[in-house]
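What follows is a single structure, written as structure tokens, with notes after it.
First listed ligand is number 1; within each ligand, the first listed atom is number 1.
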Amino acid sequence: MEGTLTEKVLEDHLVDGEIETGEEIGITVDQTIAHDLTGTMAWLQFEALGLDEVQVEVAGQHCDHQTYQPDFKVSDDHRFLRSAAGTFGAYFARPGTGILHQVHKENFTAPGKTLIGADSHTPTAGGLGCLGIGTGGLDVATAMGGAPYYLDMPEIVNVRLQGELPEWSTAKDVILELLRRFSVKHGVGKVFEYTGPGVESLSAHERTVIANMGTELGATSSVFPTDERTREFFERLGRPEDYVELKPDDDAEYDDEIVVDLSEIEPLIACPSMPDNVVPVREVAGTETEQVLVGSCTNGAYEDILPVAKMLRDREVAKRTETIIAPGSKQAAEMLARNGHTAELMAAGVNFSEATCGACIGAGHVPASDTVSVRTFNRNFEGRSGMEDDVVYLCSPEVAAATALTGEITDPRDLADELGDLEAPGFEYPERYIGASESDIIMPEQAVDDGLVKGPNIDEVPLKDPLGSDLAGPALLKMPDNITTDHVIPATQEVSVYRSNVPKLSEFTLQRVDETFAARAAEADGGFLVAGENYGQGSSREHAALCPMYLGIHGVLARSFARIHKSNLINFGLLPLTIDEETYDEIEQGDDIELVDDALEVVESGRRTFTVRVNNDWEANARLDANERERDLLVAGGKLPHTRRAFADGV
Ligand code: MIC
Ligand code: SF4
């Protein structure tokens with residue numbers, strides 16, 4: 001494989017290993033980001049590692065997921081984050097500045113750089129030629145400390161775009177089309193590299209929409225080449241000096257190729273409750289809708305909200321439908337206001353939320369029971385909206401606006417036919433892009449706190465003992481395929497206030513699957529989780545590994561794992577063991593599981609197979625796919641104890 005854009009960026013940053021598919025490589029990190037749900041742990045870990053200064057070019061700490069502060073806990077987390085950013089040398093984007101990917105894109109993302117983020121949608125930056133990878137907070141903490149980031153060299157898939165999007169079809173429909181064709185696990189271990197003549201028909205912003213939601217395909221990252229349109233975008237952002245031209249070689253070889261003819265894309269919608277459950281909007285048209293939400297890190301930019309303003313101009317949203325716009329950044333909100341669009345939207349019956357993730361994780365705007373919510377977001381996992389049996393659809397801003405106008409899911413093409421005077425809004429940049437104001441982002445040299453400020457809800461980082469030899473315990477819970485991190489530790493308001501307090505947070509572990517799990521696990525003194533395919537898909541939330549660790553879980557026996565979650569399990573010393581279908585079918589919840597071999601000896605020796613004895617009755621194999629570095633982490637009881645030693649030794 002020669003000269004893909006992904007390889008060029010990786011080659012430029014390579015410090016360990018060789019660029020060969022499947023081989024582990026270590027790369028230097030130029031930029032990092034974290035937010036309020038992942039940042040508290042990342043900085044506590046940074047502190048626990050004995051580090052005192054950020055070593056990367058740009059480190060960002062955002063406060064976006066929980067801007068609603070129901071009591072002191074969230075405010076305390078934010079205050080701690082401000083103090084940590086100032087103390088250790090990161091910029092701090094104050095609560096209300098906006099969603100990290102949007103704010104970072106507008107102010108810091110740069111082509112050719114590597115960006116490691118404690119959030120799964122970090123690949124958004126790929127729309128501007130920056131290689132963004134989502135990881136757990138601990139990987140961000142060590143990267144901020146100057147350590148390389150390790151990953152298995154992904155397969156590189158050429159997504160060849162041809163033609164141009166027709167009226168009413170958008171970038172969101174392009175990524176929904178890929179999700180329709182493939183699935184939420186198709187992209188595991190892959191980078192989607194976009195090429196072909198269709199690329200130049202998409203603005204830089206539209207490319208970030210596609211790159212953002214590549215995460216829902218399970219991809220390691222998504223990346224676009226840069227060109228005149230990217231250059232123009234950087235000029236608009238007031239950062240022309242950050243533009244660099246990046247292209248794959250003409251004879252670049254890819255592992256796979258997908259062709260997408262943009263001219264054939266029609267308005268699409270993801271039905272409840274998986275982002276890959278995609279159908280043409282017309283198939284579900286007429287579904288009564290009580291709530292329409294426009295925003296999120298996918299479609300919260302000025303360029304996403306403007307089409308809604310145009311479609312709603314001098315019209316009114318349906319009386320039954322609450323329509324809310326949550327801008328992705330305060331910058332976007334300010335530009336909408338300056339250009340008169342906020343007033344237009346308000347006159348149409350729309351309400352504005354502050355620039356936040358909020359509703360995307362069930363923090364506010366929870367839908368009413370038994371009602372349909374149509375959103376421009378990227379995830380609709382069951383219960384994520386904050387309502388257990390929710391019915392959430394995902395679509396483009398244009399489809400959302402058409403739905404808001406009629407009160408039922410509507411293909412905007414049909415609405416245009418019906419109304420006669422509804423024109424396709426098309427794509428448009430603001431005349432003048434404004435940057436985040438000085439007071440929104442506190443640069444490290446402007447730090448306001450005198451050292452770390454920790455409120456009473458901020459607890460210690462728990463540590464695991466080194467790997468033991470005899471691992472046994474019950475199969476505490478058996479779960480089906482596609483269990484998300486939202487099932488393991490929900491991101492709802494009630495639960496997220498404990499992200500910096502693991503003992504309390506762990507009480508919520510897997511509650512959504514089985515209310516009694518956490519209490520049973522705490523009592524059992526060790527045990528295993530059993531799961532189907534793609535275990536841990538969705539977010540980068542390391543708490544989904546950290547809390548099971550705290551409850552004494554030894555490992556997870558699953559048919560397969562999502563990428564970020566598998567490394568989070570290893571980072572916290574839990575064994576990710578792969579089992580075959582027959583074994584999965586036969587193990588029952590409550591069965592006694594015993595790793596027959598000396599676990600420490602197997603992991604140290606590099607053997608890949610464990611013999612698992614079930615109920616002292618039958619045996620099966622379980623595979624540990626871990627390289628030497630990962631096995632070292634497992635032996636040490638996780639990355640924190642391991643790295644602490646390495647940093648102390650000056651490695
Ligand atoms: C998400 O979209 O699920 C989140 C909340 O942004 C998570 C981060 C987290 O839970 O800390 C993600 O995508 O990584
Ligand atoms: Fe925030 Fe939702 Fe994006 Fe996650 S997916 S970063 S919660 S807007």
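- Atom 2 (Fe) of ligand 2 has as its closest protein heavy atom Cys360 SG, 2.3 Å.
- The shortest side-chain heavy-atom distance between Leu217 and Leu179 falls under the 4.5 Å cut-off.
- At least one side-chain heavy atom of Val495 sits less than 4.5 Å from a side-chain heavy atom of Leu505.
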Carefully, step by step, assess Glu354 and Thr67 under the rule side-chain hydrogen bond (donor to acceptor under 3.5 Å, both in side chains).
CA-CA 8 Å; Glu354 73 183 309; Thr67 45; 3.3 Å; yes
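- When each atom of ligand 1 is checked for a heavy atom of His65 under 4.0 Å away, the hits are 4 (C), 5 (C), 6 (O).
- Side-chain contact annotation: Glu382 with Ser273, donor-acceptor N/O pair under 3.5 Å absent.
- For ligand 1, the atoms lying closer than 4.0 Å to a non-hydrogen atom of His35 are 8 (C), 9 (C), 11 (O).
- Taking every heavy atom of Leu37 and a limit of under 4.0 angstrom, the matching atoms of ligand 1 come to 11 (O).
- A heavy-atom separation below 4.0 Å is found between His65 and ligand 2.
- Residue contact check: Arg384 has heavy atoms under 4.0 Å from atoms 1 (C), 2 (O), 3 (O) of ligand 1.
- Taking atom 13 (O) of ligand 1 as the reference point, the nearest protein heavy-atom neighbour is Ser120 OG, 2.5 Å.
- At a heavy-atom distance under 4.0 Å, only side-chain atoms of Arg384, from C-beta outward, approach ligand 2.
- When side chains are defined from C-beta on, Val184 counts as touching Asn482, because their heavy atoms get closer than 4.5 Å.
- Each of the atoms 5 (S) of ligand 2 lies under 4.0 Å from some heavy atom of Asn378.
- Counting heavy atoms only, Arg499 comes closest to atom 11 (O) of ligand 1 of the residues Arg499, Arg379, Arg541, Glu542.
- Arg181 and Glu177 are joined by a salt bridge, as a carboxylate oxygen and a charged side-chain nitrogen come within less than 4.0 angstrom of each other.
- Heavy-atom contacts of Ile361 reach the following atoms of ligand 2: 7 (S) (cutoff under 4.0 Å).
- Here the side chains of Phe561 and Arg563 are not in contact, with every heavy-atom distance at 4.5 Å or above.
- Formation of a donor-acceptor pair under 3.5 Å by the Gln61 side chain with backbone atoms of Ala90 is not found in this model.
- The protein heavy atom nearest to atom 8 (S) of ligand 2 is Cys297 N, 3.4 Å.
- With no hydrogens or angles considered, no side-chain donor-acceptor pair links Glu206 and Thr170 at under 3.5 Å.
- Within the 4.0 Å heavy-atom criterion, the part of Asp119 lying near ligand 2 is the side chain and not the backbone.
- In Asp64, neither the side chain nor the backbone holds a heavy atom less than 4.0 Å from any atom of ligand 2.
- The shell of residues lying under 4.0 angstrom from ligand 1, judged by heavy atoms, excludes His543.
- Counting only heavy atoms from C-beta outward, the side chains of Thr208 and Gln102 never approach each other to under 4.5 Å.
- Residue contact annotation: Arg541 has no non-hydrogen atom under 4.0 Å from ligand 2.
- Each of the atoms 5 (S) of ligand 2 lies under 4.0 Å from some heavy atom of His121.
- Short contacts between ligand 1 and Thr38, defined as distances under 4.0 Å to a heavy atom of the residue, involve ligand atoms 11 (O).
- Electrostatic pairing of Asp459 and Lys504 does not count as a salt bridge here, judged by no charged N lying under 4.0 Å from a carboxylate O.
- Under the 4.5 Å side-chain criterion, counting only non-hydrogen atoms from C-beta, Tyr429 is in contact with Glu303.
- Atoms of ligand 1 found under 4.0 Å from any heavy atom of Ile361 (numbered from 1 in listed order, with element): 5 (C).
- Within the 2.8 Å limit, Cys357 places at least one N, O or S atom next to atom 1 (Fe) of ligand 2.
- Residue Val350 is tested with Val308, Thr342, Leu312 for a side-chain contact (heavy atoms from CB on, under 4.5 Å); the sole match is Leu312.
- Close approach of ligand 1 to Ser539 (heavy-atom distance below 4.0 Å) involves ligand atoms 3 (O), 7 (C), 10 (O), 12 (C), 13 (O), 14 (O).
- Taking every non-hydrogen atom of Ser540 and a distance limit under 4.0 Å, the qualifying atoms of ligand 1 come out as 12 (C), 14 (O).
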